[in-house]
Structures are given as structure tokens and as C-alpha cells.
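Scroll down for the structure; my scribbles are underneath it.
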Amino acid sequence: MNEQTEKYCKESLVVRTSRVFPLDTNNHNTLFGGKLMSYIDDVASISAARHSRGETVTASTDSVDFLSPIRPEHSVCLESYVTWVGTSSMEVFVKIIAETLKTGERRLAATSFLTFVALDENGKPKRVPRVIPQSDEEIMLHNTAKQRAEERKNRRKHSQALAQAIGTDQPWS
Ligand SMILES: CC(=O)SCCNC(=O)CCNC(=O)[C@H](O)C(C)(C)COP(=O)(O)OP(=O)(O)OC[C@H]1O[C@@H](n2cnc3c(N)ncnc32)[C@H](O)[C@@H]1OP(=O)(O)O
């Protein structure tokens, strides 16, 4: 089968909706941040796999911006898709919407950008299809992605420099 060289954002779209159960909440009775981060990594990794149709690893998460709390009366809906690619890397955008189940009111609760890298059978980075954005949101995110990739490159340099200065000895030695 011929490999696709271009894919629409919607081909990598993942939508996941969950209830907020008591075991998922913190002492403020809102969705525990770590729980939401695990949902985010989960959907984003599926978007990356749908786009590349191969092995992928998470290279980095830019940030998770918590904009408003998610409460037990809400459903939490995550949408993720690949917005832009470099050569082997894919930027995945995740938006998280809290919907009040009794009224249908929907609010943006959080956003996140993650980068995944596609790997070949030898574990080496491999080329992925280009992205074709279609909706206004996809086009806006695609057009602004190069700037974010540049910022990531700088951050990577800083973490590599930091790694040189971090000790790995046992903390008690
Ligand atoms: C799904 C999971 O849960 S995976 C578990 C968590 N993730 C991991 O364990 C990954 C650990 N890290 C790694 O394996 C490696 O560092 C890799 C695969 C991410 C990168 O491998 P390297 O040999 O450093 O590759 P290289 O420097 O050629 O970079 C490959 C691509 O990754 C991108 N990249 C590497 N590190 C980062 C980073 N921190 N942030 C964003 N992009 C990155 C590069 O820009 C490059 O993109 P391009 O091909 O589009 O130009």
C-alpha cells in the first residue's frame, strides 16, 4: 500500500468525553490536574499514531494551561489533532471543554500542545506525512506552529545544558 504524503487534521482527530467521578477529584472537588494530564497524553498519542500510523514517542509537552475548573456536574470533552509536522516530529493540539450536563453550557477548561516523534523499526526518527489544515482553527494553529517549534528548539537547548549540570548520584550519598 502506498504511504500517504499528506493528511488532513481531521484524519488524526480524537474525541473523548468522560464523566467526573468522585475518585477523579481533589480536595477542591474539581478534576485532579494529574488525571486531566493523563487524559491529554492518552488522546494526543492516539492522534500522533493516526497521523503517522507507526510507533511514536512523546518528545515534550509545552504546557497544560488550566483555564477554568472542571467540576462533578460537568462532562469533560477532549479533542486532539495534529496541527503541524517538522520532519519526524508532530505537534498535537488538545482542547478540553467542560460541559454542564444539566444546561449544555460549554466552557474551554484547558489547552495543551505536545510533540510526538515517529520512529522506524530501528527506533530512529522517521518522516511523517505533511498536514493539510481546513477549518479556521486548524489554519490558525498550523500558521502559528513554526514559531512554537522555534521556542521548543530553544527550550530543548536549555534543558540539554541543564542536564549537564544535574547530578545523578544517590541523594543520600
Ligand atoms: C508514548 C509514550 O509514553 S513515550 C514515553 C515518553 N517519551 C520518551 O521516552 C521519549 C524519550 N526521548 C527519545 O526517545 C528521543 O529523545 C527522541 C526520539 C524524542 C528524539 O530523538 P533524537 O535522537 O534526539 O532525535 P533528533 O534530535 O534527530 O530529533 C528528532 C525530532 O524530534 C524533535 N525533538 C527532539 N526532542 C524534542 C523536544 N524535547 N521537543 C520537541 N521536539 C523534539 C526534533 O526537533 C526532531 O524533529 P524533526 O524531525 O521534525 O526535525
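Both ligands and their constituent atoms are indexed starting at 1 by order of listing.
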Inset, instruction - Taking Glu138 for its side chain and Gln134 for its backbone only, find out whether a donor-acceptor pair lies under 3.5 Å. - result: yes
Inset, instruction - For ligand 1, find out whether one of its N or O atoms is nearer than 3.5 Å to an N or O atom of Ser60. - result: yes
Legend entry - Crowding at CD, Glu151 (>12 non-hydrogen neighbours, <6.0 Å): yes
Legend entry - Protein heavy-atom partner closest to atom 23 (O) of ligand 1 - residue, atom, separation in Å: Pro125 CG, 4.6 Å
Inset, instruction - Decide whether an N or O pair under 3.5 Å exists between Ser89 and ligand 1. - result: yes
Inset, instruction - Considering heavy atoms of the protein only, find what lies nearest to atom 30 (C) of ligand 1 and give residue, atom and distance to 0.1 Å. - result: Ser88 OG, 3.7 Å
Legend entry - Protein contact for atom 20 (C) of ligand 1 (heavy atom, distance under 4.0 Å): no
Inset, instruction - Among all protein heavy atoms, pick the one closest to atom 14 (O) of ligand 1 and tell me residue, atom and distance. - result: Val57 CG2, 4.3 Å
Legend entry - Heavy atoms from other residues, nucleotides or ligands near CZ of Arg127 exceed 12 (cutoff 6.0 Å): no
Legend entry - Flag: protein heavy atom within less than 4.0 Å of atom 12 (N) of ligand 1: no
Inset, instruction - Using heavy-atom distances, let me know which of Asp62, Leu119, Val117, Thr56 sits nearest atom 32 (O) of ligand 1. - result: Val117
Legend entry - Option with minimal heavy-atom separation from atom 26 (P) of ligand 1, where the choices are Gln160, Glu55, Arg156, Lys153: Arg156
Inset, instruction - If you have a sec, work out which protein heavy atom is nearest atom 42 (N) of ligand 1 and how many Å separate them, to one decimal? - result: Thr115 CG2, 3.6 Å
Inset, instruction - Keeping the roles fixed (side chain from Ser88, backbone from Ala118), state whether a donor-acceptor pair exists under 3.5 Å. - result: no
Inset, instruction - Would you kindly confirm whether Phe116 and Val14 end up in one hydrophobic cluster when ILVMFWY residues are joined by side chain heavy atoms under 4.5 Å apart? - result: yes
Legend entry - Nearest option to atom 39 (N) of ligand 1, as decided by whichever heavy atom of Gly86, Ala149, Ala59 sits closest: Ala59
Legend entry - Test item: side-chain donor near acceptor, Glu91 and Thr83, under 3.5 Å: yes
Legend entry - Contact (N/O only, under 3.5 Å) between Arg152 and ligand 1: no
Inset, instruction - Take atom 16 (O) of ligand 1 and look for protein heavy atoms under 4.0 Å from it; say yes if you find one, no if not. - result: no
Legend entry - Any donor-acceptor pair under 3.5 Å from Asn26 side chain to Asn29 backbone: yes
Legend entry - Test of proximity, Ser45 against ligand 1: N or O pairs below 3.5 Å: no
Inset, instruction - Name the option, out of Asp41, Thr87, Leu114, that contains the heavy atom nearest to atom 51 (O) of ligand 1. - result: Thr87
Legend entry - Short N-O contact, Arg19 and Asp24, less than 4.0 angstrom: no
Inset, instruction - Output yes when a protein non-hydrogen atom is found under 4.0 Å of atom 35 (C) of ligand 1, and no otherwise. - result: yes
Inset, instruction - Report yes if Thr58 has an N/O atom closer than 3.5 Å to an N/O atom of ligand 1; otherwise report no. - result: yes
Inset, instruction - Determine whether the side chains of Arg148 and Thr144 contain a donor N or O and an acceptor N or O closer than 3.5 Å. - result: yes
Legend entry - Distance, nearest 0.5 Å, that separates OH of Tyr39 from OG of Ser112: 15.5 Å
Legend entry - Atom pair CD1/CE of Ile96 and Met37 - distance to nearest 0.5 Å: 11.0 Å
